[in-house]
Enquirer: 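I am attaching a structure below and will ask some questions about it afterwards.
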Amino acid sequence: MEISLKTWMMIAFVIFMVLGIWKIYTFLPTKQLADDDRNEESEYELTALMLHVIKKHEGKLTPKELFFAIQEDEGFKSELFWRFNHNRLNQLLQKHYMKNKTTNSIETIYKELNS
């Protein structure tokens with residue numbers, strides 16, 4: 001029984017495709033890293049911390065002051081939120097503004113928290 005060249009090429013293609021998929025799969029992350037702050041739980045925790053700091057300072061903060069106040073708060077986990085910066089804070093504020101259409105500043109967030 002003689003196997004044609006097309007069959008050998010198809011077998012080689014399938015073998016190398018399976019090897020390629022396996023190679024890619026082994027490098028994909030399969031579990032969450034301990035310092036991953038880009039998941040829902042970490043974002044929820046950081047948002048709760050942001051709202052706590054806003055309430056603690058009675059909403060009288062600029063975004064820059066809020067950034068430093070969050071970093072100085074005792075609930076801030078520096079080993080988990082090691083990538084926290086001004087841009088990340090602005091993203092959290094924008095998400096909060098989009099979820100709560102009545103808020104558009106830190107002061108209105110404070111008023112909403114107290115109502």
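Computed from a prediction, not measured in an experiment: that's the story for all the values here. Only heavy atoms go into these numbers, but all of them, side chains included; no hydrogens, no water, no symmetry mates.
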Enquirer: Taking only Lys NZ, Arg NE, NH1 and NH2, and the carboxylate oxygens of Asp or Glu, determine whether Lys77 and Asp37 approach each other closer than 4.0 Å.
Expert: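 So Lys77 does not pair with Asp37 through a salt bridge.
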Enquirer: Could you measure the distance from the CG atom of Leu113 to the CD atom of Glu58? Nearest 0.5 Å is fine.
Expert: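 Leu113 CG to Glu58 CD: 12.0 Å, rounded to 0.5 Å.
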Enquirer: Does Lys55 reach the side chain of Asn114, with side-chain heavy atoms less than 4.5 Å apart?
Expert: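 Answer yes - side chains close enough.
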Enquirer: Measuring from atom CD of Glu45 to atom NE2 of His52, what distance do you get when rounded to the nearest 0.5 angstrom?
Expert: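 Atom-to-atom, Glu45:CD and His52:NE2 are 12.5 Å apart.
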Enquirer: Roughly how far, to the nearest 0.5 Å, is OG1 of Thr47 from CD of Glu40?
Expert: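 Output value for this atom pair is 11.0 Å.
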Enquirer: Could you state whether Tyr44 and Phe84 fall into the same hydrophobic cluster, counting links through intermediate Ile, Leu, Val, Met, Phe, Trp or Tyr residues with side-chain heavy atoms under 4.5 angstrom apart?
Expert: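 Unlinked, Tyr44 and Phe84 end up in two clusters.
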Enquirer: Kindly work out whether a path of hydrophobic side-chain contacts (I/L/V/M/F/W/Y, heavy atoms less than 4.5 Å apart) joins Met17 to Met10.
Expert: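 Yes, one cluster joins them.
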Enquirer: Taking Thr108 for the side chain and Ser105 for the main chain, is one N or O donor matched with an acceptor at less than 3.5 Å?
Expert: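 Yes, because the side chain of Thr108 sits within donor-acceptor range (under 3.5 Å) of the backbone of Ser105.
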Enquirer: Is there a donor-acceptor pair closer than 3.5 Å between any side-chain N or O of Asn100 and the backbone N or O of Thr103?
Expert: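 Side chain of Asn100 to backbone of Thr103: no pair is present.
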Enquirer: Of Ile54, Leu51, Thr102, which is the lone residue that meets side-chain contact (heavy atoms from CB on, under 4.5 Å) with Glu112?
Expert: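 When Ile54, Leu51, Thr102 are each tested with Glu112, the side-chain contact (heavy atoms from CB on, under 4.5 Å) holds only for Thr102.
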Enquirer: What's the spacing between Met50 CE and Leu89 CG if we round to 0.5 Å?
Expert: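 Between atom CE of Met50 and atom CG of Leu89 there are 7.0 Å.
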Enquirer: Is there a donor-acceptor contact under 3.5 Å from the side chain of Glu65 to the main chain of Thr62?
Expert: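 Side chain of Glu65 to backbone of Thr62: a pair is present.
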Enquirer: Between atom CG of Asn90 and atom NZ of Lys95, what is the distance when rounded to the nearest 0.5 Å?
Expert: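 It comes to 12.5 Å.
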Enquirer: I'd like to check Ile109 versus Leu93 (side-chain heavy atoms, cut-off strictly below 4.5 Å). Are they in contact?
Expert: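 Side chain of Ile109 against side chain of Leu93, heavy atoms only: contact under 4.5 Å found.
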Enquirer: Please check if Val14 and Ile21 belong to a single hydrophobic cluster, counting links between Ile, Leu, Val, Met, Phe, Trp and Tyr side chain heavy atoms closer than 4.5 Å.
Expert: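 As far as the 4.5 Å side-chain criterion goes, Ile21 and Val14 are connected within one cluster.
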Enquirer: Can you confirm whether Arg38 sits close enough to Glu43 that some side-chain heavy atom of one is under 4.5 Å from a side-chain heavy atom of the other?
Expert: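 No - every pair of side-chain heavy atoms lies 4.5 Å or more apart.
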Enquirer: Around atom CD of Gln71, are there more than 12 heavy atoms from other residues, nucleotides or ligands closer than 6.0 Å?
Expert: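 Counting neighbours around CD of Gln71, more than 12 heavy atoms of other residues, nucleotides or ligands fall under 6.0 Å, so yes.
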Enquirer: Can Leu19 be reached from Ile11 by stepping across I, L, V, M, F, W or Y side chains whose heavy atoms are under 4.5 Å apart?
Expert: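 Yes, Ile11 and Leu19 fall within the same hydrophobic cluster.
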Enquirer: Check Ile106 against Tyr97 and note the closest heavy-atom contact, atom names and distance.
Expert: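 In terms of heavy atoms, the two residues are closest at N-OH, 3.6 Å.
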Enquirer: So how far is it from Lys60 NZ to Leu66 CG, rounded to the nearest 0.5 Å?
Expert: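 Rounded to the nearest 0.5 Å, the NZ-CG separation comes out at 15.5 Å.
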Enquirer: Taking all atoms of both residues into account, what is the closest heavy-atom pair of His86 and Phe67, and its distance?
Expert: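 Result for this residue pair: CE1-CD2, 3.2 Å.
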